[in-house]
Amino acid sequence: AALKGGCAKVNITPPVGIWLSGYSGRDKPSEDIEDELYAKALVLDDGENTIAIVCTDLIGIPLETTNKIREIVKEKTGIPGKNILIYGTHTHFGPLVRKRKSSANYPESFDKYYVQTLTKKIAGSIYTAHKNMRDVKIGTTKGEIPEIVFNRRPRMKDGSVQSTMVLPHEVADTRVIRRAEDGSVRVTFTLPPDWPELTFGPIDPEVCVLRVEDTAGEIIGSVVNFACHTHSGSTYKDWFYSISADFPAVTARVVEQMEGGICLFAPGTSGDMVPIKRGKKQRFEMGKALGGEALRRLQFVQTTGDAALKALKKTVDFPIKPDRIEDKSIFTTEIQVLKIGDIYVLGLPGEVLVEIGLEIKKRAGLENLFIISLSNDTFGYVCHSEAYDEGGYESTSGTELAKGAGEIMIEEAVELINRIK
């Protein structure tokens, strides 16, 4: 049977006054809306199997909510849960969608009524896309844009990490892109004399682009996959209490306005990947630059209507640090992979450090591999073992997972990919 596909988007913007997720320093709820938030769904059917990929403008989505959405969609469309991948773009200006520990600055502020509505709206994006399906062709290609990100975990001479969340603009302007013989890419800087000597780690410069078009060649949907934290607007003080989808909204608008269709931004393994510059102007610069690279690549995608679909999902257990979660030593979540012809979409839960993603790409040995973090579950950072030895925010207060979690993720992901080949 010919490949069929459909796209849809549903507005999930919460009301002003909801508490936002992403920064513990917020001491009051949201005050305005900078831009709207959406759930965007891509559904594909090859006559035997149906899969759904769903982008949400949220910091992440808990597995409990993911599974509720899957139940609703299965009842409405028959699509099995293992075939549905739902992820957050990781905007730090979206609503709080799960309970968290209360604090003096951040009281318990979880709005269960909004989450109930959100769950139905995300499910609605999937079955609307399912209803809109028609004959399509699909293809993928890759570009790169290393100029807009850096690794925020540079090492000092003693091997420890100096967490460097934000660079002064005058330092960011000195960036140099360095490519090693093994193909790895790093972004380095000329540092002020009063700074310690820092060695910056690797980035993932790839922009993976998926194109879905109708039989006349008109685009109906696209996916832009890139590894960078979604908080480019965070140093613009007027946005700190604003609802916003951040730079992915700009990227999506560029693609949708110039090329058409519905554009889904998909975060790569961006746990330690951050924008080189932040601010109001820089948010738009970054979003337009990424959108421009995606547009360039979308022009040259070779598409086909002959693509068999498969899906696998696997439960994975990660060790927990001693005394971090009462009466628990194991954290259980899931990893998922979708296969679209020779295109693979790997869904990883949590905020995954780029070193893990790069190792998976290396070991998987695939030409067309999309790795999407914050998929189906959100719970903090997933770090490789060296990160625990080096210190830094991500492997200390940023995660409840114990050393070894990153290696488990690599092994389980590669094994799942090999199973679906």
Where the side chain of [X] meets the backbone of [Y], is there a donor-acceptor pair that is under 3.5 Å apart?
| X | Y | value |
| --- | --- | --- |
| E293 | A289 | no |
| D317 | I330 | no |
| N151 | F200 | no |
| T174 | E170 | no |
| T230 | T89 | yes |
| R26 | Y241 | no |
| S30 | I18 | yes |
| K321 | T396 | yes |
| R70 | N83 | no |
| T251 | G287 | yes |

For [X] and [Y], which I'm curious about, is there any donor-acceptor pair between the side chains at under 3.5 Å?
| X | Y | result |
| --- | --- | --- |
| N368 | T140 | no |
| Q282 | S232 | no |
| Y393 | D272 | no |
| E407 | S385 | yes |

[atom2] on [Y] to [atom1] on [X], rounded to 0.5 Å:
| X | Y | atom1 | atom2 | answer |
| --- | --- | --- | --- | --- |
| F300 | R211 | CZ | CZ | 11.0 Å |
| I148 | L290 | CD1 | CG | 5.0 Å |
| S222 | I262 | OG | CD1 | 9.5 Å |
| I335 | K314 | CD1 | NZ | 8.0 Å |

Looking only at heavy atoms, what is the nearest atom pair of [X] and [Y], with distance?
| X | Y | value |
| --- | --- | --- |
| L369 | C208 | O-SG, 3.9 Å |
| K82 | A311 | NZ-O, 3.3 Å |
| E259 | I219 | O-CG2, 3.0 Å |
| Q162 | T164 | O-OG1, 2.8 Å |
| G350 | S373 | O-CB, 3.7 Å |
| D377 | L63 | OD1-N, 3.1 Å |

Classify the angle between the aromatic ring planes of Y23 and H231 as parallel (below 30°), tilted (30 to 60°) or perpendicular (above 60°). parallel
Between H90 and H229, what is the ring plane arrangement, given parallel below 30°, perpendicular above 60°, and tilted in between? perpendicular
How far apart are the C-alpha atoms of V115 and D111, what are their side-chain angles, what is the distance that settles it, and do they pass the side chain to side chain contact (heavy atoms under 4.5 Å, CB included) test? CA-CA 7 Å; V115 173; D111 187 338; 5.9 Å; no
Going by ring-ring contact (aromatic ring centres under 6.0 Å, His included), F265 matches just one of Y87, F226, F247. Which one? F247
I'd like to know if [X] pairs up with [Y] as an ion pair, taking the criterion as any Lys NZ or Arg NE/NH1/NH2 lying under 4.0 Å from an Asp or Glu carboxylate oxygen.
| X | Y | result |
| --- | --- | --- |
| E36 | K9 | no |
| R363 | E411 | yes |
| E64 | R98 | no |
| E206 | K361 | yes |
| R253 | E256 | no |
| D57 | K40 | no |

If you count every heavy atom of other residues, nucleotides or ligands that lies below 6.0 Å from [X] atom [atom1], does the total exceed 12?
| X | atom1 | result |
| --- | --- | --- |
| E147 | CD | yes |
| M258 | CE | no |
| K281 | NZ | no |
| K313 | NZ | yes |

Does a side-chain heavy-atom distance below 4.5 Å link [X] with [Y]?
| X | Y | result |
| --- | --- | --- |
| C383 | L353 | yes |
| L338 | L44 | no |
| T378 | L58 | no |
| V207 | R297 | no |

Does the ring of Y388 carry K403 above it, NZ/CZ under 6.0 angstrom from centre and within 45° of its axis? no
For I138 and L210, what are the C-alpha separation, side-chain angles and deciding distance, and is it a side chain to side chain contact (heavy atoms under 4.5 Å, CB included)? CA-CA 7 Å; I138 194 165; L210 182 74; 3.7 Å; yes
Test side chain to side chain contact (heavy atoms under 4.5 Å, CB included) on F370 and I343 and set out the steps. CA-CA 8 Å; F370 288 66; I343 302 166; 4.0 Å; yes
Decide side chain to side chain contact (heavy atoms under 4.5 Å, CB included) for L20 and I243; before the verdict, give the C-alpha distance in whole Å, the side-chain angles of both, and the deciding distance to 0.1 Å. CA-CA 8 Å; L20 303 180; I243 295 166; 3.9 Å; yes
